[in-house]
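Some notes on the structure that comes next.
Note on naming: letters A, B, ... go to the chains in the order of the sequence lines (proteins, then strands), and numbering restarts at 1 for each one.
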2 protein chains.
Amino acid sequence: MAVDLHSFYGIIEVIMKKKKISIKDIAKELGVSITTVSFIINGKAKEKRISDAMIKMVEDYVAKIGYRPNHLAQSLRSGKSKVIVFMVEDISNSFFSTIARLIEEKAFDNGYKIIYCSTENEAKKAIELIETFKSRNVDGFIITPTLGLESQIKNLLSENFGVILFDRWIPSLDCSHVIVENEKSCFEGTKHLIDNGCKRIAFITLESDQTQMKDRLLGYQRAMGSFGLDPLVFEEPFHTSSEEFMGDQIMDFLKIHEDVDAVFFATNYLAFEGLHAFRKLDKRIPDDLQVLSFDDHFFFGLYQPSISAIAQPIELIAETLMEGILNQLNSKIPNQSTRVELPNQLIQRKSTLKKHMD
Amino acid sequence: MAVDLHSFYGIIEVIMKKKKISIKDIAKELGVSITTVSFIINGKAKEKRISDAMIKMVEDYVAKIGYRPNHLAQSLRSGKSKVIVFMVEDISNSFFSTIARLIEEKAFDNGYKIIYCSTENEAKKAIELIETFKSRNVDGFIITPTLGLESQIKNLLSENFGVILFDRWIPSLDCSHVIVENEKSCFEGTKHLIDNGCKRIAFITLESDQTQMKDRLLGYQRAMGSFGLDPLVFEEPFHTSSEEFMGDQIMDFLKIHEDVDAVFFATNYLAFEGLHAFRKLDKRIPDDLQVLSFDDHFFFGLYQPSISAIAQPIELIAETLMEGILNQLNSKIPNQSTRVELPNQLIQRKSTLKKHMD
DNA sequence: TTGAAAGCGTTACCAG
DNA sequence: CTGGTAACGCTTTCAA
């Protein structure tokens with residue numbers, strides 16, 4: 001029985017399950033040129049006026065052997081990868097992971113893949129990640145910038161990557177960003193507490209230079225000022241997430257300021273800590289203390305009493321981000337930086353309540 | 001003034017900020033061969049007995065211009081990428097995202113990068129993702145398998161990728177996996193409720209064929225059986241996460257079974273829905289109803305009353321996974337499939353309580 | 001001790 | 001209409 005060498009190797013390869021079929025193998029097997037196969041696979045057959053017979057032959061064979069192009073090689077050659085990086089502070093935060101999911105969907109519809117990663121707010125890690133992805137030819141970056149990322153992002157911009165910041169931004173940089181109306185919403189949130197009859201309203205935030213945090217604080221301060229009330233701010237230096245000490249810092253703060261009748265949290269995990277603290281202090285909500293938090297969370301609806309919150313427009317953020325980055329990637333002209341600021345929504349629950357006059 | 005063409009292009013490139021320096025440019029600039037540069041960059045200088053002077057010259061220049069190797073090209077050539085894919089059902093689930101973070105740390109220490117992705121439990125999406133990553137030469141996969149992924153995973157195995165399953169596994173497949181003692185813990189959880197004096201214990205789970213869900217149910221059933229109690233199981237068909245209808249199915253179930261005195265949830269988000277339902281039904285915990293949930297969550301400690309739960313050993317899972325996959329990737333011998341089953345911990349809080357005899 | 005050159009799997013230019 | 005072939009940036013064998 002005659003077995004030619006070609007088939008023989010074929011058999012070996014099948015047994016080893018090692019060899020991946022390449023465009024070259026297809027060309028050889030079919031006796032046509034690599035170029036032709038490439039054109040057909042990439043849907044340029046019509047454009048290149050390749051005969052229908054040829055197209056069918058190649059397509060059938062490709063389907064039969066289940067050929068998959070090697071993306072690595074494609075990227076290396078074309079400089080594009082159809083990959084967008086979604087780099088946030090912490091992907092386990094539900095705000096970010098929800099946006100990630102929405103973005104992924106939109107990306108997929110446009111032929112893009114999303115790769116997520118978390119910076120943990122460390123510039124070093126973020127820089128490392130950016131470099132890695134750059135050297136893998138990703139097309140664009142969606143980033144919640146940490147401090148110290150300015151020059152990296154400037155580089156990305158000048159190297160013509162798609163870049164769009166969100167949640168916060170870098171004022172010194174002319175880079176597109178999508179944020180929410182932090183200041184305005186916090187003004188309104190504070191006003192809501194004041195309208196309810198609260199006089200001694202504490203604002204609990206993180207010690208942070210990030211724009212969104214500063215804007216939130218600003219909104220609170222402006223509201224207090226315009227109603228003639230003294231601001232009372234606590235900036236938590238570290239976010240100790242150990243359950244054991246959760247809320248201890250806030251508790252100490254509240255012990256010193258016994259007269260506080262409302263607390264406004266700048267972000268939801270601070271509120272979780274706060275709720276722990278209130279419990280240890282036996283504070284009743286909303287009778288002893290009214291509670292409002294920035295950044296809604298499904299727990300706020302489940303907690304008893306339910307907690308009022310300022311909800312960010314998550315779907316809208318995701319849409320705007322994808323629209324923005326796809327625009328950048330599809331247009332030939334250099335990046336025009338755009339700024340979008342989206343409105344939030346105050347969701348009133350049981351933790352904030354108009355006080356009875358007495 | 002004489003400007004040679006070489007410098008001229010250099011200037012143009014700087015202005016355009018487009019050109020990336022390659023190993024070739026370095027070699028040309030320094031007047032040495034590409035090979036030499038490559039050896040030095042990859043730390044093989046000593047091994048190849050390259051002169052110290054040469055090493056210093058190249059290293060200094062590399063540092064000066066901030067050269068970064070192109071990972072794409074490296075992967076294409078070497079077939080390796082130092083990337084491990086972490087593919088779970090839903091990265092926004094805190095169980096998975098916490099593991100992701102722990103894994104990432106370990107991976108980083110070993111020179112690997114982690115890419116996360118979510119399957120949303122759709123085989124189609126999972127297959128798509130696996131194919132994409134395969135064609136990007138990733139080295140290994142850590143997967144929570146969905147149904148219908150059997151043949152894909154078999155392929156991965158035979159193509160010598162590192163593969164390790166977790167959370168659940170595929171019995172028909174000889175593939176390494178890391179899981180927890182689902183059955184045993186649910187037996188013990190159920191026994192805990194029985195010991196507390198509960199007689200009519202409902203088990204609320206998802207309609208699912210996944211191994212971990214089936215094992216949890218089994219543990220409950222075995223416990224009920226061995227204490228002579230009738231099992232009462234509700235399998236929620238769909239996980240409607242819309243807040244509006246949250247818990248409605250569970251509420252209907254409880255309305256029919258008024259005599260239930262304890263509920264054991266097979267996973268934490270079912271418990272969240274359940275808590276919603278209990279509230280609408282005005283059930284008091286633990287007096288009317290004792291509550292226990294599989295898979296602990298920080299919210300269980302915060303809720304009032306706090307909810308007892310069975311905690312999975314998250315750190316241990318992450319460690320075991322990384323150890324397993326690194327072993328696979330570093331060893332030359334074909335994958336030996338290993339199975340690890342880790343113990344859980346019952347965390348007793350206020351929702352489960354020994355009933356007073358009366 | 002160093003260098004030339006062959007590939008990895010594609011794409012795309014140019015020829016015929 | 002189809003085919004050669006030079007890149008893309010790197011690793012690695014072999015030769016000098």
Q: Starting at NE2 of A/H71, measure out to CD of B/E131 and round the result to the nearest 0.5 Å.
A: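 CD of B/E131 is found 9.5 Å from NE2 of A/H71.
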Q | Distance (rounded to the nearest 0.5 Å) between B/N137 CG and B/Q74 CD | A |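 Reported to 0.5 Å precision, the distance equals 12.0 Å.
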Rounded distance (Å) that lies between atom [atom2] of [N] and atom [atom1] of [X]:
X     : N      : atom1 : atom2 : result
B/K24 : D/dT11 : NZ    : P     : 14 Å
B/E29 : D/dG9  : CD    : P     : 17 Å
B/I21 : D/dC8  : CD1   : P     : 15 Å
A/I50 : D/dG3  : CD1   : P     : 9 Å
B/E47 : C/dT1  : CD    : P     : 13 Å
A/K28 : D/dT2  : NZ    : C1'   : 19 Å
A/K46 : D/dC1  : NZ    : P     : 9 Å
B/I40 : D/dC10 : CD1   : P     : 15 Å

Q. How are the rings of B/H177 and B/W169 set relative to one another: parallel (under 30°), tilted (30 to 60°) or perpendicular (over 60°)?
A.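 If you compare the ring of B/H177 with that of B/W169, the planes turn out parallel.
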**Q.** Carboxylate-amine/guanidinium proximity below 4.0 Å for A/D52 and A/K46
**A.**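 Yes, A/D52 and A/K46 are salt-bridged.
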(Q) For A/K125, is there an ion pair with B/E104 - N to carboxylate O distance below 4.0 angstrom? (A)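 A/K125 and B/E104: salt-bridged.
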Q. Taking the nucleotide of DNA chain C with the closest heavy atom to each, which residue, B/R49 or B/L76, is nearer the 5' end?
A.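 Checking each residue's closest nucleotide, the 5'-ward one belongs to B/R49.
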**Q.** End axis versus end axis in the helix from C/dT1-D/dA16 to C/dG16-D/dC1, the angle rounded to 10°, five pairs used at each terminus
**A.**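 Angle reported: 50°, given to the nearest ten degrees.
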Q. Distance-only, no hydrogens or angles: does the B/E120 side chain make a donor-acceptor pair with backbone N or O of B/D90 under 3.5 Å?
A.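 No; judged by distance alone, with no hydrogens or angles, the pair does not exist.
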Q: With ring pair (Phe, Tyr, Trp, His ring centres under 6.0 Å) as the test, would you mind laying out the steps for B/F166 and B/F86 before giving the verdict?
A: CA-CA 10 Å; B/F166 84 106; B/F86 183 71; 5.6 Å; yes
Q | Presence of A/S22 side-chain N/O under 4.0 Å of C/dC8 phosphate oxygens OP1/OP2 | A |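 Checking C/dC8 against A/S22, no side-chain N or O comes under 4.0 Å of OP1 or OP2.
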(Q) Does a side-chain N or O of A/S75 approach OP1 or OP2 of D/dC8 to a distance below 4.0 Å, or not? (A)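 Result: no.
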(Q) Would you say that B/I142 contacts B/M87 through its side chain, given a criterion of any heavy-atom pair below 4.5 Å between the two side chains? (A)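 When only atoms from C-beta onward are counted, B/M87 and B/I142 do not touch, as no gap falls below 4.5 Å.
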Q: Any chance you could list the contact pattern along nucleotides 11-16 of chain C? Use B for base contacts, S for sugar-phosphate-only contacts and - for none, protein heavy atoms under 4.0 Å, 5' to 3'.
A: BBB---
(Q) Pairing donors with acceptors under 3.5 angstrom, does anything connect the side chains of B/S38 and B/T35? (A)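 No - no donor-acceptor pair under 3.5 Å links their side chains.
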